[in-house]
Amino acid sequence: MNFDFSDEQKQMRDEARKFLTEQCPPKAVREVLDGKAPYDKALWKGLAEMGFLGVAIPEEFGGAGAGHLELCVIAEEMGRANAPVPFSSTVYLAAEALLLAGSEAQKQKWLRKIASGEAIGTLALFEGKGNPSPKAIKLQASGGTLTGVKKPVPDGAIADFAVVAARTGSTGRDSDISLFLVDLKTGGVEAKSLTNVDPTRGQAELTFNNAKAEPLGAAGDGWSILTQVLDRAAVLLAFEQVGGSDRALEMGRDYALDRIAFGRPIGSFQAVKHMLADMYVSATLARSNCYYGAWALSTNAAELPEAAAAARISATQAFQHCSKNNIQVHGGMGFTWEFDCHMYYRRANATALTLGSLSYWEDQLIDRMRKKNAA
Amino acid sequence: MNFDFSDEQKQMRDEARKFLTEQCPPKAVREVLDGKAPYDKALWKGLAEMGFLGVAIPEEFGGAGAGHLELCVIAEEMGRANAPVPFSSTVYLAAEALLLAGSEAQKQKWLRKIASGEAIGTLALFEGKGNPSPKAIKLQASGGTLTGVKKPVPDGAIADFAVVAARTGSTGRDSDISLFLVDLKTGGVEAKSLTNVDPTRGQAELTFNNAKAEPLGAAGDGWSILTQVLDRAAVLLAFEQVGGSDRALEMGRDYALDRIAFGRPIGSFQAVKHMLADMYVSATLARSNCYYGAWALSTNAAELPEAAAAARISATQAFQHCSKNNIQVHGGMGFTWEFDCHMYYRRANATALTLGSLSYWEDQLIDRMRKKNAA
Amino acid sequence: MNFDDTPQEAAFRAEARAWIQANAPKQYEEELRKSSLGRTVLKGANILEVAKAWQKKKADAGWACLHWPKEYGGRGASPIERVIWQQEEGPFGKLSGMFIIGHGMCGPTMMAFAGEEQKRKCLPPLASGEKIWCQLFSEPAGGSDVAGLRTRAERRGDEWIINGQKIWTSGAHYSDYGILLTRTDPTVPKHKGLTMFFLDMKSPGVEVRPIKQASGQSDFNEVYFTDVVIPDSQRLGAVNDGWNVSLTTLMNERMSIGAGVATGFPELFEFCNNLMLGDGPAIEDRSVRSKLANYAVKASGLRYTSMRAISALSKGERPGPENSIGKLVAGSMVQEVAMYALDLQGAAGVLSGPDDAEVAGKFQAMLLRAPGTRVEGGTDEIMRNIIAERVLGLPGDIRVDKDVPFNQIPTKGR
Amino acid sequence: MNFDDTPQEAAFRAEARAWIQANAPKQYEEELRKSSLGRTVLKGANILEVAKAWQKKKADAGWACLHWPKEYGGRGASPIERVIWQQEEGPFGKLSGMFIIGHGMCGPTMMAFAGEEQKRKCLPPLASGEKIWCQLFSEPAGGSDVAGLRTRAERRGDEWIINGQKIWTSGAHYSDYGILLTRTDPTVPKHKGLTMFFLDMKSPGVEVRPIKQASGQSDFNEVYFTDVVIPDSQRLGAVNDGWNVSLTTLMNERMSIGAGVATGFPELFEFCNNLMLGDGPAIEDRSVRSKLANYAVKASGLRYTSMRAISALSKGERPGPENSIGKLVAGSMVQEVAMYALDLQGAAGVLSGPDDAEVAGKFQAMLLRAPGTRVEGGTDEIMRNIIAERVLGLPGDIRVDKDVPFNQIPTKGR
């Protein structure tokens with residue numbers, strides 16, 4: 001038993017942190033925040049060069065073949081840096097779907113492009129408001145083409161390809177859903193950027209109009225694959241959230257040590273001290289749940305569905321909590337555009353909704369615990 | 001518009017407080033807590049003499065005929081003193097049911113006895129776990145007798161009579177339920193005291209075995225009357241809860257001022273100060289909701305169902321919050337039997353369940369708001 | 001205990017209603033009704049002009065600053081009448097936003113400390129909205145510690161020369177006057193060296209710069225003072241007695257009773273009433289209902305608490321610091337409500353554009369604005385201190401700077 | 001990252017399991033499994049005797065105090081092996097309750113400060129459960145301010161004479177020995193005048209009185225000292241250096257890792273899984289599910305946090321104050337869980353008798369015991385201070401008593 005990352009994994013974390021500290025300072029995040037670029041292309045290139053994009057992609061498909069524990073470590077640092085790049089959509093969603101269900105040819109083509117930074121991928125799942133559900137998928141597949149509208153699609157406006165959930169049956173069962181792979185650059189798909197609470201991560205509406213699509217995985221397996229993709233992405237995103245929580249906590253702690261009011265550092269007031277202590281508590285609970293999720297992810301353990309939901313819930317709560325109270329510790333200054341606090345607050349609240357909302361995952365967790373209990 | 005009690009009502013409050021401070025000190029409450037008596041008979045007699053038992057009972061039935069605002073004021077003081085007497089069951093439940101649905105003869109007989117302190121009454125509604133619901137009532141009425149088991153019945157072991165909810169139909173509608181009045185001293189009913197978290201207020205199981213019963217209100221009106229009784233009792237009990245909240249807050253405040261740790265009064269630490277401030281906040285929100293409830297109760301306004309649910313929820317939360325954090329402010333001493341803190345904690349948690357639980361009333365509130373909204 | 005009108009109150013209400021019916025700018029009613037939580041925008045109209053016109057109309061007919069004495073532009077009305085007016089004015093009351101500081105804080109401070117001539121000159125145009133006032137207390141180094149301010153006022157004959165910087169000044173960019181708290185003696189403990197003035201915001205040396213907030217909007221400003229000259233006649237209160245003067249201002253802030261603080265609950269309830277979840281109407285989901293009920297009793301509790309304060313005011317009682325609870329409870333509640341409303345929208349909750357988001361991005365805007373509500377006008381922590389110390393009588397925090405000359409207090413924690 | 005056993009761990013587990021299978025007092029297994037949160041009662045048996053017998057059996061076979069050195073009665077096992085043992089011991093581990101203080105705090109303090117002869121004499125019978133130890137630090141006037149204690153130790157030749165009163169002493173009534181923190185110099189600041197001893201609890205002048213708790217039970221005691229004589233050879237550490245000695249004790253308290261703190265969640269989940277509400281199974285009610293999910297992630301978060309601490313310990317890292325979160329989170333969670341479990345029972349939730357309450361009054365007992373969990377071993381507030389100061393590096397509270405002679409510190413707030 002060992003409930004910690006290995007020394008090599010920690011070394012990779014240090015390396016990623018060093019790289020991101022240099023290549024992704026808040027100033028770089030602000031370029032995207034202010035709409036000067038849809039994402040940080042230089043950073044994306046750098047991530048590819050560092051081998052971070054393909055860290056969990058096998059060597060035979062152009063990746064580093066390191067594994068998912070290593071990817072968790074990178075994810076945490078991406079969250080800590082609030083990186084304005086399509087990492088989660090490309091690596092946690094698109095690449096994971098390919099790894100799970102892609103044909104040899106699909107993997108050779110797209111995983112290689114992901115690892116090298118040539119292709120941005122995403123998952124087109126949602127069609128308007130609501131949480132993941134086969135019933136909510138109306139986009140129709142027929143004769144190798146797709147027709148319908150997906151929204152919101154994370155990084156949809158900059159993606160080169162998308163894994164798309166489509167309806168291929170009408171029995172009312174999960175098997176009505178199949179996955180498709182669509183090259184977004186070959187026509188038939190119109191992308192529209194949508195305003196969202198975190199401008200450092202794009203959201204789009206994708207309109208499919210008889211768009212050419214190739215099946216990803218077997219027909220009717222779509223929902224089952226999606227469920228696995230979402231669970232895997234939940235763990236990875238939870239690490240981003242934990243990284244963000246920790247950074248928000250640090251920012252608050254540092255400000256509390258520096259800022260004087262009433263002749264003393266504000267961190268000497270119990271109201272501030274205890275607020276920060278509570279932030280530490282939620283960040284720590286989230287981190288511990290994530291470690292369990294990382295283990296389940298990396299070993300594809302039977303515990304993954306439950307572990308993923310727990311990591312997701314705990315990390316969502318922690319990041320929302322830490323990012324909002326970091327602003328509170330900063331007082332008025334925390335509410336200025338100039339201070340970086342709001343970038344974490346925005347990211348926390350946006351990330352809370354990707355993959356479905358907190359209340360959706362609460363429901364999922366109990367469902368899964370109940371099933372385990374009954375088994 | 002005037003959102004306050006009148007000077008006369010406040011004077012009555014002062015009078016009640018003075019009386020209870022003298023006649024119902026913690027020492028008296030402990031007599032019942034320690035099981036030395038089922039309730040404080042001397043206090044009960046005193047309350048009758050002061051006219052408090054019949055404050056809202058019309059003069060023609062032996063009461064003071066003052067009204068429900070006056071009863072709210074008394075209720076608050078009963079809660080503040082943690083009075084170990086069957087006030088709520090007799091006055092809020094039994095008397096209100098009689099006032100709403102009793103025949104002239106029933107009122108003449110029982111209201112008079114309540115006002116004079118000769119009779120303790122209660123409402124026998126629940127049959128095991130669960131919240132108020134017509135479906136849950138199985139106790140059968142037939143041929144002027146009742147058969148079945150009620151549990152828990154507040155003050156059931158010391159009550160002289162009970163208003164009993166019984167099944168008189170099987171259509172699945174609310175009209176299957178009718179109310180009956182049972183003189184518990186005439187045989188056919190067996191009472192068994194039950195251990196409960198607040199020994200200062202008794203709970204019992206009543207077994208009806210062909211017990212003689214007379215109808216209270218029209219046949220089939222039982223559920224409709226009960227709903228009104230519960231709403232009215234909810235407001236009155238909420239005042240008790242607010243009284244208890246205030247007292248718990250005061251105890252905490254006083255201790256925080258007296259107790260020294262680290263060379264300073266513990267009330268000078270923000271953790272303690274802010275805990276007490278939050279207790280004040282919840283007690284104040286509850287009080288304000290209660291005032292609105294009192295107005296609705298006293299005028300029988302159309303807003304009563306909504307106002308009663310809001311008062312009930314808010315006051316339940318406040319009393320639980322204040323009583324538990326009063327113990328926390330007291331630290332280890334608060335967890336001794338010797339200190340009075342736990343008596344309020346016990347009462348708060350017991351009162352939270354009488355009339356149905358917090359989550360039941362939450363559901364009720366939204367139902368009622370929704371109906372109003374739709375109307 | 002009576003939540004209904006007395007006959008006199010009913011008569012006042014009828015009069016107010018009739019006048020509003022005949023005079024209010026109806027063309028904006030719908031837009032005003034929809035706007036919420038401080039984001040009042042009118043398409044195709046300058047809201048400042050619309051607001052000033054409505055205020056002037058009210059003033060001309062005797063409906064402005066109802067509780068002020070008539071000689072200063074008010075009506076001498078009772079607190080209950082003010083409430084009735086607010087209830088009747090309804091959405092049009094949202095046009096008063098830019099006058100709140102002037103009417104609620106600057107006016108009362110002037111009434112208490114200005115000379116009679118100045119009062120007669122300044123107050124009526126303040127009441128009628130012809131002149132807008134702002135309040136210049138907060139500073140970057142001050143924060144919750146208002147008395148830690150550093151803006152210097154140095155005496156030169158009958159004038160004072162002001163140098164320094166203020167922050168978080170609402171409406172400075174459209175204000176005509178301001179009340180200004182300055183440091184006149186840095187060698188004594190911090191509360192003892194402050195002096196209050198009022199000044200013309202168009203004075204040379206006053207520069208207003210908008211602050212971009214975390215939400216992207218700019219409701220506040222920084223104001224820089226460079227050798228700004230203020231005549232001594234515009235001093236309010238004695239030299240070095242500014243802290244006491246400011247307490248009057250802040251006490252009046254608490255007295256600016258209103259329809260209650262925004263909690264976000266009515267918006268959330270309406271939203272849930274109309275929302276369909278995967279399994280059915282949101283309002284029938286028991287987890288939604290439980291959350292709604294908890295918010296509902298906070299919202300109603302605050303509403304009736306504010307009504308109780310009005311009753312106290314009517315009886316001549318001075319509303320106490322217990323009114324701090326409104327801001328304290330509502331601030332974090334708005335934030336929670338916004339987060340929950342996004343949650344209920346699922347992944348699409350992230351969208352904030354008016355065309356793509358449910359209810360036109362209202363809750364997304366609320367989410368981004370909410371952190372400010374927990375800070376402005378006193379942080380949650382300061383509010384809890386106020387309640388603990390002034391309502392419950394608990395000791396103040398230990399003050400390490402109490403007897404220290406202001407210029408010897410450290411300015412950096414490490 | 002590996003939540004599975006290594007081959008060596010698996011072998012150790014198999015050995016432990018086989019021995020437990022062959023030796024544990026199986027007749028009590030079911031009762032032990034059902035008992036929860038410190039209320040361990042065995043019908044028709046003296047639990048103290050059963051526990052002592054089990055501990056002795058373990059000691060004889062080398063399964064007692066696994067992490068202690070062999071020469072003092074332990075096994076010299078690794079932290080992971082301790083965890084495996086605890087997992088395998090399962091419900092029988094509940095029999096160790098009365099040894100926790102002795103094994104977790106007194107033993108390590110003795111190891112660090114007693115002479116070799118005393119260690120060889122005292123520690124093996126402590127490990128084997130033949131002698132039970134208690135810890136005598138808390139006092140009525142102390143509370144969270146442990147160093148504010150008043151029990152006097154006055155030197156008389158080679159002996160010390162003890163007078164004073166301790167409180168909250170778990171198990172004092174069945175303890176054979178205790179470690180005792182006393183004041184030896186009241187004229188210096190409070191931390192500087194303390195001295196630690198160990199003593200025979202049967203010494204003349206020691207009087208133990210049970211404290212009746214708010215829950216009605218008596219888990220703790222007051223201990224009165226009247227001219228109790230302790231030989232100087234039983235002093236632990238230098239005269240007036242007792243505060244440092246006590247820090248060792250308290251640090252070891254944090255190291256007494258275990259299967260994790262009780263949160264009440266497993267009990268609540270099982271309860272909800274079996275409960276029917278009016279409309280159907282409780283577990284299908286979305287409001288129940290939402291609450292359960294929130295408790296679930298706290299419980300699992302604590303479980304894995306404690307596992308991470310074990311890994312750190314295995315690598316030779318000293319577990320830090322971050323372990324305070326277990327008590328902090330679980331304390332208030334147990335209280336909420338209990339309240340919610342009662343709520344789910346409706347009006348009948350008030351009943352606490354074993355025959356009338358759901359699951360035999362378990363949650364009612366939990367409710368009444370819970371306030372103690374938020375206080376014992378350090379209040380929630382002290383825990384937050386520890387995290388803020390020692391983990392996050394924030395400043396300590398301002399200490400008005402720091403340089404004040406102990407006998408000049410005020411004792412009454414008003």
Side-chain angles (χ1 to χ4, degrees), chain A residues 1-6 9 69 72 249-250 252-253 256-257 264-265 267-270 272-282 284-292 294-296 298-299 301 303 306-307 309-314 317 358-359 361-367 369-370 373-374, chain D residues 1-6 9 79-81 83-84 269-270 272-273 281 283-284 286 288-294 296-312 314-315 317 322 324-326 328-329 380-381 383-389 391-398:
Chain A
M1 288 189 272
N2 173 28
F3 317 114
D4 198 1
F5 287 103
S6 69
Q9 287 153 356
L69 289 176
C72 288
L249 169 59
E250 272 175 27
R253 192 262 322 263
L257 285 170
R264 20 194 292 215
S268 72
F269 288 99
Q270 281 189 337
V272 175
K273 285 170 74 164
H274 290 191
M275 198 187 316
L276 288 162
D278 285 339
M279 288 157 71
Y280 173 82
V281 168
S282 59
T284 301
L285 293 178
R287 177 176 293 280
S288 299
N289 276 309
C290 280
Y291 278 27
Y292 189 65
W295 166 76
S298 68
T299 58
E303 289 86 348
E306 188 184 332
R312 168 88 181 141
I313 294 167
S314 193
Q317 291 174 333
L358 188 59
S359 46
W361 284 96
E362 287 172 356
D363 215 52
Q364 287 292 310
L365 175 62
I366 300 305
D367 239 18
M369 291 181 73
R370 206 182 157 200
N373 212 53
Chain D
M1 193 79 69
N2 191 353
F3 282 68
D4 293 328
D5 288 345
T6 62
E9 289 163 0
I80 299 278
E81 287 171 341
V83 173
I84 292 172
F269 185 73
E270 192 192 343
C272 290
N273 240 317
I283 195 84
E284 288 178 8
R286 288 180 64 101
V288 172
R289 290 162 80 98
S290 170
K291 285 224 168 64
L292 279 181
N294 279 283
V297 301
K298 279 190 189 177
S300 60
L302 288 182
R303 191 161 58 243
Y304 306 132
T305 299
S306 121
M307 289 188 170
R308 288 171 54 210
I310 291 158
S311 284
S314 304
K315 292 180 194 155
E317 294 166 26
E322 56 271 16
S324 307
I325 82 165
L328 175 57
V329 173
D380 290 356
E381 293 67 38
M383 293 294 132
R384 289 198 182 91
N385 258 8
I386 289 174
I387 292 169
E389 294 170 21
V391 182
L392 301 178
L394 292 162
D397 293 335
I398 290 178

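The shown structure was predicted, so the numbers you read here are calculated from the model rather than taken from an experiment. Side chains are part of it too, since the values below use all heavy atoms of this structure and drop only hydrogens, waters and symmetry mates. Chain letters run A, B, ... following the sequence lines, proteins first and then strands; every chain starts at 1.
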Name the member of [options] that forms the most heavy-atom pairs with chain A at distances under 4.5 Å.
options                            : answer
K298(D), K291(D), K315(D)          : K315(D)
I398(D), V288(D), N273(D), N385(D) : N385(D)
V329(D), N294(D), T6(D), I84(D)    : N294(D)
L328(D), D4(D), D380(D), D5(D)     : D4(D)
A388(D), G393(D), P395(D)          : P395(D)

- Tell me, please, which residues at least two apart from D363(A) pass salt bridge (Lys or Arg N to Asp or Glu O under 4.0 Å). R286(D), R289(D)
Looking at every non-hydrogen atom in both residues, tell me the closest pair between [X] and [Y] and how far apart they are.
X       : Y       : answer
A293(D) : I366(A) : N-CD1, 3.6 Å
I325(D) : Y280(A) : CG2-CE2, 4.0 Å
G301(D) : L285(A) : C-CD2, 3.6 Å
A256(A) : L394(D) : CB-CD2, 4.0 Å
L392(D) : A277(A) : CD1-N, 4.1 Å

- Message: Strictly distance-based, threshold 3.5 Å: is any side-chain N or O of D397(D) a donor or acceptor partner for the main-chain N or O of Q270(A)?
- Response: no
- Item | Interface moiety of E381(D) toward chain A, non-hydrogen atoms closer than 4.5 Å | both
- Can you say whether S290(D) sits under 4.5 Å from chain A via the side chain, the backbone, both, or neither, judging by heavy atoms? both
Nearest 0.5 Å, please: how far is [atom2] in [Y] from [atom1] in [X]?
X       : Y       : atom1 : atom2 : answer
S311(D) : F5(A)   : OG    : CZ    : 12.0 Å
N2(D)   : S298(A) : CG    : OG    : 8.0 Å
N2(A)   : I310(D) : CG    : CD1   : 11.5 Å

Do you know which of [options] has the most heavy-atom pairs under 4.5 Å to chain D?
options                   : value
V281(A), L365(A), D4(A)   : D4(A)
M279(A), R264(A), M275(A) : R264(A)
L358(A), L249(A), D278(A) : D278(A)
W361(A), F269(A), Y292(A) : Y292(A)

Is [X] close to chain D through its backbone or its side chain, or both, or neither, when contacts mean heavy atoms under 4.5 Å?
X       : result
R287(A) : both
L69(A)  : side chain
Q317(A) : side chain

Heavy-atom distance under 4.5 Å between the side chains of [X] and [Y], does that happen here?
X       : Y       : answer
K273(A) : R384(D) : no
R308(D) : T284(A) : yes
M369(A) : L292(D) : no
F269(D) : N373(A) : yes

- Query: Is it true that Y291(A) and Y304(D) have ring centroids separated by less than 6.0 Å?
  - Reply: no
